[in-house]
Amino acid sequence: HILFCGSCGRMRICGNKKCDTPSSISPTCKLSRKKIQINQSYGWVRSVRAQKANVFLHVNDGSSLQSLQVVASSELSDPLLTFGSAVEVTGILKKSPHQKQPVELDAKNHKFIVFCFIFFFLRTFPLKSKSDMALSIFANFLISGDNGFVEINTPIITSNDCEGAGELFQVEVIKAPYGENFFSVPAYLTVSGQLHLEVVSGAFSKVYTFGPTFRAENSQSRRHLAEFYMVEAEISFTQSLEDLTKVMEDMFRFATEHVLAHCVEDVDLFHKHVTPGQKLKEYLVSFLRITYREAIDILRRSSERFAFPTDWGCDLKTEHEKYLVKHCGNIPVFVTDYPYDLKPFYARDNQDHPERTAAAVDLLVPGVGELCGGSLREERLNLLSARAGLEDVYSWYLDLRRFGSVPHGGFGLGFERYLQCILGVDNIKDVVPFPRFSHSCLL
């Protein structure tokens, strides 16, 4: 079955042949199996078969092992259209005359998003998830609900520093019979699964992970832990921060509504004895959105005396974040378009000189400050290569762009901070049974 979203034009393939009831792609989507105009259907080309009058493509977005056949006029054929090319196709979805597939897409036009020329490169790690073998392995992972996200278990031990801050726990063997270095390269406890998700997003258009992360940050603050859990997501074929903020907002709202519906007594207990007067339902209104420039202007006009500077280019501290949330009515606030130099190497350059900002966003919530952080990823190789030192340490990351990538973005949400927010707990160390922080590792 082809599941089609009538409002956004996205579609996916249901691999269950016994499925008679269509399931929605999102709560606002309307599905139809009728002949209907398709808008912005994305995927990777699995095969190309050219004939005199037509060219036949098999396009797959990673949501199923079954590909969608696209029938296009030979006039739309292009010698550069080959296996691994990422395409956007517009056309009519109709019943197929062949038994092998129930429907096919009669393409009216298409455009290339990126080409993938080098076949042998698929044998190396960064792109092997584009092969059918890897697809069949990853297909066993959990697909979360109707949103189509595929769960990926990213490594806990890694050789990269995703955030680039150097706050890493290094992994070493106490007694090393294998030599000085067990992995032959320096290895660390992960600070984020993002870079691994970016690799897998070359085969699946929407992926996520939920697991432990570790930061060797020498902090005794009320919102930092050395070990905590993060929900991280990566979305392919997106070119706007609005796509990311919608997922972030919907996820926050869904999780919070679920807590309110199923854990009423627990929430009431905290709101009665820990944070009297807190009304969690007030957080479920539409989130506000401001730019970093607007945030700086708000802080500079304030009569509040801040301990840290509020000039353009300064990072927002906890005191700034909490003030912004209070100023905006104690509701969640998105802050977008931060100065480029404040964000990690993977954040997309907005190229808006002279300020030069990055397509990055943070979600600020009452009582905590920053809860989520995300960005569009820099898919342009020439701009990414300009970052000093990447070629030596992250050559594989550059190869993802060099040999085929698509516009994409993602975010991460700290689970313990989320609990702080909805329960009104002042100190993050009080929402976990065994908190790990500097100078403390009991049990």
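Along the sequence shown, residues carry numbers from 1.
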(request) Using side-chain contact (heavy atoms from CB on, under 4.5 Å) as the criterion, point out the one residue from N350, L316, V361 that pairs with Y338. (result) L316
(message) For a quick check under 3.5 Å, do T209 and E151 share a side-chain donor-acceptor pair by atom type?
(response) no
(message) For the aromatic rings, using the six-membered ring if either is Trp, is the centroid distance between F415 and Y229 under 6.0 Å?
(response) no
(message) For a quick test of reading the model, state the closest non-hydrogen atom pair linking Y283 to N330 and the distance between them.
(response) CE2-O, 3.8 Å
(message) Could you check whether R402 makes a cation-pi contact with Y397, meaning its NZ or CZ is under 6.0 Å from the centre of the six-membered ring and within 45° of the ring axis?
(response) no
(message) Less than 3.5 Å apart, any donor N or O on the side chain of S385 or E391 sitting next to an acceptor on the other?
(response) no
(request) Compute the ring centroids of W44 and F237, then answer whether they are less than 6.0 Å apart. (result) yes
(message) With salt bridge (Lys or Arg N to Asp or Glu O under 4.0 Å) as the test, pick out the partner of R223 among E416, E217, E321.
(response) E321
(message) Tell me whether the NZ or CZ atom of K429 lies within the 45° cone about the ring axis of F437 and under 6.0 Å from its centre.
(response) yes
(message) Would you say the ring centers of Y188 and F169 fall short of 6.0 Å from each other?
(response) no
(message) Using modelled atom types and a 3.5 Å cut-off, is there a donor and acceptor pairing between side-chain atoms of T213 and backbone atoms of F228?
(response) yes
(request) Could you tell me whether a side-chain N or O of E319 sits under 3.5 Å from a main-chain N or O of F308, the two making a donor and an acceptor? (result) yes
(message) I'd like to know if K246 pairs up with E242 as an ion pair, taking the criterion as any Lys NZ or Arg NE/NH1/NH2 lying under 4.0 Å from an Asp or Glu carboxylate oxygen.
(response) no
(request) For H271 and L423, work out which heavy atoms get closest and say how close. (result) CD2-O, 3.9 Å
(message) Let me confirm one number: the NZ-NZ distance from K326 to K322, rounded to the nearest 0.5 Å.
(response) 11.5 Å
(request) Compute the centroid of each ring, for F345 and then for Y394, and state whether the two points are separated by less than 6.0 Å. (result) yes
(message) Side chains of H196 and T158, heavy atoms from C-beta outward: is any pair under 4.5 Å?
(response) yes
(request) Have a look at T357 and tell me which of D341, T291, D352 forms a side chain to side chain donor-acceptor pair (under 3.5 Å) with it. (result) D352
(message) Please tell me whether W312 and Y292 form a close aromatic pair, meaning their ring centres lie under 6.0 Å apart.
(response) yes
(message) Does this structure show an ion pair linking D337 with R356, if we count only N-O contacts that are shorter than 4.0 Å?
(response) no
(request) Tell me, yes or no, whether the heavy-atom count around F254 atom CZ, taken from other residues, nucleotides or ligands under 6.0 Å, exceeds 12. (result) no
(message) Determine whether a donor-acceptor pair (N or O, by modelled atom type, separation under 3.5 Å) exists between the side chain of R380 and the backbone of D349.
(response) yes
(message) So, taking the atom named CZ in R289 and the one named OG1 in T245, what distance separates them when rounded to the nearest 0.5 Å?
(response) 5.0 Å
(message) I want to know whether F204 and F149 have ring centres closer than 6.0 Å.
(response) no
(message) Salt bridge check, K317 against E370: does any charged N sit closer than 4.0 Å to a carboxylate O?
(response) no
(request) Output yes when a side-chain donor or acceptor of E232 lies under 3.5 Å from a complementary backbone atom of G193, and no otherwise. (result) yes
(message) Using a 3.5 Å distance criterion without hydrogens, assess whether the side chain of H262 forms a donor-acceptor pair with backbone atoms of H258.
(response) yes
(message) Looking only at the side chains, is there a donor atom on one of R46 and Q69 sitting less than 3.5 Å from an acceptor on the other?
(response) no
(message) Would E355 and R293 count as a salt bridge (Lys or Arg N to Asp or Glu O under 4.0 Å) here? Give the steps.
(response) CA-CA 10 Å; E355 287 186 339; R293 165 57 71 188; 2.9 Å; yes
(message) Just to verify, which of R377, R348, E198, K206 counts as forming a side chain to side chain donor-acceptor pair (under 3.5 Å) with H408?
(response) E198
(message) If only side-chain N and O atoms count, and only distance matters, is there a donor-acceptor pair under 3.5 Å linking Y346 with Q194?
(response) yes
(request) Any chance you could measure I428, atom CD1, to C421, atom SG, to the nearest 0.5 Å? (result) 11.5 Å
(message) I'd like to know whether the aromatic ring centres of Y323 and F306 sit less than 6.0 Å apart in this structure.
(response) yes
(message) Can a donor-acceptor pair be found, under 3.5 Å and without considering hydrogens, that links the side chain of S85 to the backbone of L81?
(response) no
(message) Quick check against the 3.5 Å criterion: does R253 have a side-chain atom that pairs as donor or acceptor with the backbone of V285?
(response) yes
